[in-house]
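Some notes on the structure that comes next.
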Amino acid sequence: MELQLNGKRALVTGSTKGIGRAIAQFLANEGCDVIVNGRTQADVDAVARELGGLGLAGDVATADGCAKLIEQAGELDILVNNTGIFEPKPFGEIPDEDWQRMFDVNVMSGVRLSRAVLPGMIERGFGRIIFISSESGLNIPTEMVHYGWTKTSQLAIARGIAKTAAGSGVTVNSVLPGPTWTEGVENFVGEMDVSKDAFVSHARPGSLTGRFGTPEEIAAAVVFLCSPRAANTTGATLRSDGGIVDLPF
């Protein structure tokens, strides 16, 4: 299927590795001018060279970092809010500063960037904003309640922005990955003291596929939502979670 993305300008935050890296690669493969983002300039430059795109380093967990990134990026057709952090920690041991840091990185980065690009997208009559949420936003994990809370927040924000942009040609959606095997998840599983093969059945027993997903599987879903082909899909939550969430939507 021709996705009609050639020449579209896309920013993918947190795109030097993992799911973000795969999304940036898939968008580049479809002819997008991709802006790679991460906190380390060397890592950003390396991926940008591979993709033939532009690399912009910056910490999107801060208001100043978001403002600088948008100023450098210019007009965007596509924004993928992928940057996120997670950590296993019992609820009673999560201090206030951990809650705030999780919210700043996972939620406020997307709020600030979306707020900055939305007016221009509406004026031009086309735009795609995607939040990379998680099945944990619906199926809150006991081992990291603060992470699940931020992912639920993303769903609410994306839905609200979609309503704000109604009828404008701009769509806003969330993608909900399940457990996805990345470098960060490999470290996470190590901290949980369980093997890769046992993790899904142990920590996410509702999985219908019984395995970790791949970054490429998530990227394929995201890139479709970014395309003009998905013009009638907005305010939606697209699950790529292996069937973990046992809900009728």
Side-chain angles (χ1 to χ4, degrees), residues 1-60 69-70 72-86 105-106 109-110 113-114 117 126-135 154 171-188 209 211-230 233 238-242:
M1 179 187 295
E2 168 56 53
L3 293 182
Q4 303 172 354
L5 283 168
N6 193 55
K8 300 295 187 186
R9 188 170 177 84
L11 167 63
V12 184
T13 63
S15 48
T16 59
K17 60 183 66 175
I19 291 173
R21 171 68 173 78
I23 293 169
Q25 178 71 70
F26 275 45
L27 287 170
N29 291 349
E30 292 295 328
C32 287
D33 298 323
V34 176
I35 300 171
V36 176
N37 163 256
R39 290 192 297 173
T40 304
Q41 190 66 55
D43 292 342
V44 167
D45 288 342
V47 176
R49 280 194 300 270
E50 291 177 21
L51 302 184
L54 174 65
L56 296 177
D59 184 2
V60 296
L69 178 59
I70 290 299
Q72 293 175 317
E75 290 185 352
L76 296 174
D77 300 299
I78 297 166
L79 169 64
V80 181
N81 292 307
N82 171 73
T83 292
I85 57 174
F86 56 91
V105 176
N106 293 3
S109 60
L113 294 174
S114 300
V117 304
F126 179 87
R128 298 288 184 266
I129 298 176
I130 311 291
F131 285 80
I132 305 303
S133 181
S134 168
E135 54 85 18
Q154 286 182 315
T171 67
V172 186
N173 294 289
S174 300
V175 174
L176 280 64
T180 305
W181 194 251
T182 64
E183 179 181 314
V185 169
E186 183 175 2
N187 294 334
F188 170 80
T209 59
R211 64 171 177 84
F212 280 94
T214 68
E216 293 75 19
E217 288 169 331
I218 308 306
V222 172
V223 172
F224 171 71
L225 290 177
C226 289
S227 75
R229 300 286 191 185
T233 303
L238 178 59
R239 291 164 48 194
S240 185
D241 64 342

Least distance between heavy atoms, G20 atom then N82 atom: CA-ND2, 3.3 Å
Counting only heavy atoms from other residues, nucleotides and ligands, does the tally under 6.0 Å from CD of E75 exceed 12? no
Can you tell if the side chain of F131 reaches within under 4.5 Å of the side chain of S114, non-hydrogen atoms only? yes
On a heavy-atom basis, the closest approach of A73 and I35 is CB-CD1, 3.7 Å
Considering non-hydrogen atoms only, spot the tightest contact between V44 and L56 and give its length. CG1-N, 3.2 Å
Determine yes or no for a side-chain-to-main-chain donor-acceptor pair under 3.5 angstrom, with R49 supplying the side chain and G55 the backbone. no
Calculate, to the nearest 0.5 Å, the distance between atoms CG and CG belonging to L11 and N81 respectively. 8.0 Å
Looking at CD of E216 and OG1 of T180, how far apart are the two atoms once the value is rounded to the nearest 0.5 Å? 10.0 Å
Tell me, do P177 and I132 make a side-chain contact under 4.5 Å, heavy atoms counted? yes
Before giving the answer on side chain to side chain contact (heavy atoms under 4.5 Å, CB included), spell out for T13 and S109 the whole-Å C-alpha distance, their side-chain angles and the decisive distance to 0.1 Å. CA-CA 9 Å; T13 63; S109 60; 5.8 Å; no
If you round to the nearest 0.5 Å, how far is CG of L176 from CD of Q154? 9.0 Å
If you take all heavy atoms of L76 and A10, which pair is closest and at what distance? CD2-C, 4.4 Å
Would T171 and L225 satisfy side chain to side chain contact (heavy atoms under 4.5 Å, CB included), going step by step from the backbone distance to the final call? CA-CA 9 Å; T171 67; L225 290 177; over 6 Å; no
Please walk me through it: do R21 and V47 pass side chain to side chain contact (heavy atoms under 4.5 Å, CB included)? CA-CA 8 Å; R21 171 68 173 78; V47 176; 3.4 Å; yes
pair Q72-N37: side-chain heavy atoms closer than 4.5 Å: no
As a quick check of understanding, evaluate side chain to side chain contact (heavy atoms under 4.5 Å, CB included) for T16 and T40, giving each step before the final call. CA-CA 9 Å; T16 59; T40 304; over 6 Å; no
Side-chain touch L27/V12, heavy atoms, less than 4.5 angstrom: yes
Is any side-chain heavy atom of P179 closer than 4.5 Å to a side-chain heavy atom of E135? yes
Pairwise side-chain contact, L238 with T233, heavy-atom cut-off 4.5 Å (strictly under): no
Would you say that more than 12 heavy atoms from the other residues, nucleotides or ligands in this model lie under 6.0 Å from the CZ of R39, or not? no
Working to the nearest 0.5 angstrom, can you tell me the gap between L5 CG and C226 SG? 7.0 Å
Kindly give the heavy-atom pair with the smallest separation between G18 and P215, and that separation in Å. O-CB, 3.8 Å
What I want to find out is whether E217 reaches R211 closely enough, with some N-O distance under 4.0 Å, to be called a salt bridge. yes
To the nearest 0.5 Å, what is the distance between OG1 (T83) and CD1 (I19)? 12.0 Å
Does a side-chain heavy-atom distance below 4.5 Å link S227 with Q4? no
In Å, rounded to the nearest 0.5 Å, how long is the span from CZ of R128 to CZ of F224? 9.5 Å
Where is the tightest heavy-atom contact between I130 and V175, given as atom of each residue plus distance? CG2-CG2, 4.0 Å
